[in-house]
Protein chains: 2
Amino acid sequence: MTAPAYAKVKTQLLRRISNGRWRAGDRIPSEHELMREFGVARMTVGRALRELTDEGWLLRTQGVGTFVGGEPRAESHPVEIRNVAEEIAARGHAHRAEPVRLEEAELDDEVAAAMERASGERVFFSEVVHWEGDQPLQFERRWVAPDFAPDYLAQDFSRITPSAHLLKIAAIEAGEQIVRAEAADRRVAARLQVKTGAPLLVLVRRTWARGRVVSHARLFHPAQRFQLAGRFGDVK
Amino acid sequence: MTAPAYAKVKTQLLRRISNGRWRAGDRIPSEHELMREFGVARMTVGRALRELTDEGWLLRTQGVGTFVGGEPRAESHPVEIRNVAEEIAARGHAHRAEPVRLEEAELDDEVAAAMERASGERVFFSEVVHWEGDQPLQFERRWVAPDFAPDYLAQDFSRITPSAHLLKIAAIEAGEQIVRAEAADRRVAARLQVKTGAPLLVLVRRTWARGRVVSHARLFHPAQRFQLAGRFGDVK
DNA sequence: CAGTGGTCTAGACCACTCG
DNA sequence: GAGTGGTCTAGACCACTGG
């Protein structure tokens, strides 16, 4: 029932920051001092301090000390996004994927830059519409490195999502995501069954495996039917 | 120069997951086994496993074992957002805030729900336009609990941002953020100098302090001039 | 140099799950 | 009961910083 010691130390320290007893930039007591104050081992204090540092509350410098972090933390909210199929499943609806294009394509300048490859290089390209019940929720355009996924064009993307296929080949080691709003152009509008010019939420993703960009995707969502949510801290 | 032992263990384990040697759902060796295999103390293995768990690669259950995490991880990219003033400063541009409204207001049903307060209750309300050079980058509408920030209406929001004022009162303990796309209505369009109907990226935030919702904000951004970015893993 | 954080060890006790 | 993860201790060595 009782919280572990490192968690109690975290709570106490966090209280002193919230209180204003310790303010941004202040130096806080050393590990040895806190160890004596709370009557725990140094490793325990260390864990509390490390976690508070990871969470952005503290800044530590070896040989110098531990300091209360500045303002940046407060408006820095993580946003987590799952893949469409799960997103839809989590809401209790049926997911259906409709592949509308699957071919080899030449990289134009923009996509080539995103994939860190030469312009004109040939890669695999797919377009898939993801349906939530009878409404299109996402239109996915994806470029994939053939050396990473040689069987990409042979997949049935109504049965497995492109992202799931890539994951079966190897775990993704790193990723980047950009979130943008855009007005729908004619082609995308048609796929998502919205009017041309309607607002869309667009996710642009790049994923790395084995040290290279293996996939670049642009995911278009109708603004009325899609949003991203994120939290930090404990919302009581 | 050489990486700490816990980091080496992490790298090794991660490699086995990337390889496909361990697949999603597989049970991996126990801490005692890994301890013998790598020749390190159990605390060291423990730290490696804890961090991989925090990063989403592993799932652990006390009394049962440690398992390779499923697919969700791969498409789950955290997005970090800083406040506008910093964002603009980071790009090397001048930030200017223009307060356009600052008053007491009654909560309508929607905002009341967001703030977990009674409809009709009186709170403080502000509207501020944030400029990057000579272009408006954000139109901020904010509702604030008077019991938390009694001096809110007396602030000069051309000199301090609303969020900075709230932070000076107490640290934010928890937050929630929703990211949406919307078409600009007439009022917002005018403030952001875009056409009515133009796509906007909208952030809806709620922040908690002392266990209550203390602020609710809607931040409107012109789609052409604003996007959010996030990364995970090491992009080499 | 003394003080700091970063890491590590070899043990230990506990709560939990499963057969 | 045996095996698991979760935590904790009391020491230790190191790299780094500052005066």
Side-chain angles (χ1 to χ4, degrees), chain A residues 1-17 21-70 72-73 234, chain B residues 1-17 21-70 72-73 234:
Chain A
M1 197 64 262
T2 181
Y6 79 90
K8 286 183 187 164
V9 173
K10 275 182 73 174
T11 306
Q12 289 304 313
L13 300 184
L14 203 44
R15 184 164 305 167
R16 294 181 194 176
I17 297 171
R21 174 167 158 192
W22 292 342
R23 312 197 140 269
D26 284 1
R27 169 160 173 194
I28 76 169
S30 74
E31 293 197 352
H32 279 97
E33 291 175 277
L34 292 172
M35 178 181 147
R36 280 192 295 273
E37 178 183 345
F38 290 103
V40 297
R42 199 180 143 216
M43 281 238 46
T44 304
V45 173
R47 175 161 178 188
L49 292 178
R50 178 158 39 83
E51 295 198 359
L52 287 172
T53 304
D54 289 344
E55 292 165 21
W57 295 103
L58 299 176
L59 299 171
R60 316 189 74 188
T61 317
Q62 198 173 104
V64 182
T66 302
F67 303 84
V68 177
R73 171 73 187 81
D234 293 314
Chain B
M1 197 68 260
T2 181
Y6 79 91
K8 287 183 187 165
V9 174
K10 276 182 74 175
T11 306
Q12 290 304 314
L13 300 184
L14 203 44
R15 183 165 305 168
R16 294 181 194 177
I17 297 172
R21 175 167 157 191
W22 292 342
R23 311 197 141 270
D26 283 1
R27 169 162 173 193
I28 76 169
S30 73
E31 293 198 352
H32 279 96
E33 292 175 276
L34 293 171
M35 179 180 146
R36 280 191 296 274
E37 177 182 345
F38 290 103
V40 297
R42 199 180 143 217
M43 281 236 49
T44 305
V45 172
R47 176 162 177 187
L49 292 177
R50 177 158 40 82
E51 295 198 358
L52 287 172
T53 304
D54 289 345
E55 292 165 21
W57 296 103
L58 299 176
L59 298 171
R60 314 189 76 188
T61 317
Q62 198 172 109
V64 182
T66 302
F67 303 84
V68 177
R73 171 72 184 80
D234 293 314

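So you know, we letter chains A, B, ... as the sequences are listed, proteins then strands, and number each from 1.
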**Student:** Taking atom C1' of D:dT9 as reference, at what distance in whole Å does atom CZ of A:Phe38 sit?
**Tutor:** 17 Å
**Student:** Please step through side chain to side chain contact (heavy atoms under 4.5 Å, CB included) for the pair A:Trp57 and A:Leu14, ending with a clear verdict.
**Tutor:** CA-CA 8 Å; A:Trp57 295 103; A:Leu14 203 44; 3.5 Å; yes
**Student:** With respect to the side chain of A:Arg47, which nucleotide from D:dT7, C:dT7, C:dT9 is positioned closest?
**Tutor:**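 Nearest to the side chain of A:Arg47 among the choices is D:dT7.
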**Student:** B:Leu49 vs B:Glu31, test: side chain to side chain contact (heavy atoms under 4.5 Å, CB included). Steps then yes/no.
**Tutor:** CA-CA 8 Å; B:Leu49 292 177; B:Glu31 293 198 352; 3.6 Å; yes
**Student:** Can you find a donor-acceptor pair, distance only, under 3.5 Å between B:Arg42 side chain and D:dG5 base?
**Tutor:** yes
**Student:** Between B:Arg60 and D:dG6, is there a contact of a side-chain N or O with OP1 or OP2 at under 4.0 Å?
**Tutor:** yes
**Student:** Please confirm whether the shortest side-chain N or O distance from A:Tyr6 to OP1 or OP2 of D:dT7 is below 4.0 Å.
**Tutor:**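 Result: yes.
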**Student:** To the nearest 0.5 Å, what is the distance between OH (A:Tyr6) and CG (A:Leu52)?
**Tutor:**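 Between atom OH of A:Tyr6 and atom CG of A:Leu52 there are 11.0 Å.
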**Student:** C:dC13 C1' sits how many Å from B:His32 NE2, rounded?
**Tutor:**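 Result: 12 Å.
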**Student:** A:Lys10 NZ to D:dG6 P: how many Å, rounded?
**Tutor:** 15 Å
**Student:** Return the 5'-most residue of the pair A:Met43, A:Thr61 with respect to DNA chain C, ranking by each residue's nearest nucleotide.
**Tutor:**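 Its nearest nucleotide being more 5', the pick is A:Thr61.
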**Student:** In whole angstrom, what separates A:Glu31's CD from D:dT9's P?
**Tutor:** 13 Å
**Student:** If you assign A:Ala7 and A:Gly63 each to the DNA chain D nucleotide with the nearest heavy atom, which residue ends up on the more 5' nucleotide?
**Tutor:**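 The answer here is A:Ala7.
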**Student:** At less than 4.0 Å, is any side-chain N or O atom of B:Ser30 found next to OP1 or OP2 of D:dG3? Yes or no.
**Tutor:** no
**Student:** Can you tell me the distance, in whole Å, between the CG atom of A:Leu52 and the C1' atom of C:dG5?
**Tutor:**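 Taking atom C1' of C:dG5 as the reference, CG of A:Leu52 is at 15 Å.
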**Student:** Please report the distance, rounded to the nearest Å, between CG in B:Leu59 and P in D:dT4.
**Tutor:**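 Whole-Å distance recorded here is 18 Å.
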**Student:** If we only count heavy atoms from C-beta on, is the B:Arg47 to A:Arg47 side-chain gap below 4.5 Å?
**Tutor:**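 No. Closest side-chain heavy atoms not under 4.5 Å.
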**Student:** A:Thr44 or B:Ile28: which one's nearest nucleotide on DNA chain D is closer to the 5' end?
**Tutor:** B:Ile28
**Student:** When you measure from the side chain of A:Val64, which nucleotide among D:dG18, D:dT4, C:dC8 comes out closest?
**Tutor:**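 Looking only at heavy atoms from C-beta outward on A:Val64, the closest nucleotide is D:dG18.
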**Student:** Can you check the B:Met35 CE to D:dT7 P distance for me, whole Å?
**Tutor:** 18 Å
**Student:** Counting only side-chain nitrogens and oxygens, does A:Thr66 get under 4.0 Å of the OP1 or OP2 atom of C:dG5?
**Tutor:**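 So the side chain of A:Thr66 is within the cut-off, an N or O lying under 4.0 Å from OP1 or OP2 of C:dG5.
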**Student:** How close or far is atom P of C:dT4 from atom CZ of A:Arg27, stated in whole angstroms?
**Tutor:**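 It is 6 Å, rounded to the nearest whole Å.
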**Student:** Can any side-chain N or O of A:Glu33 pair as donor or acceptor with the backbone N or O of A:Ser30 at less than 3.5 Å?
**Tutor:**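 Between the backbone of A:Ser30 and the side chain of A:Glu33 there is a qualifying donor-acceptor contact (under 3.5 Å).
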**Student:** Does B:Arg50 make a side-chain N or O approach to OP1 or OP2 of D:dG6 shorter than 4.0 Å?
**Tutor:**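 Negative; the distance criterion is not met.
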**Student:** Choosing from D:dA10, D:dC16, D:dT4, which nucleotide comes nearest the side chain of A:Gln62?
**Tutor:**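 For A:Gln62, the side-chain atoms sit closest to D:dC16.
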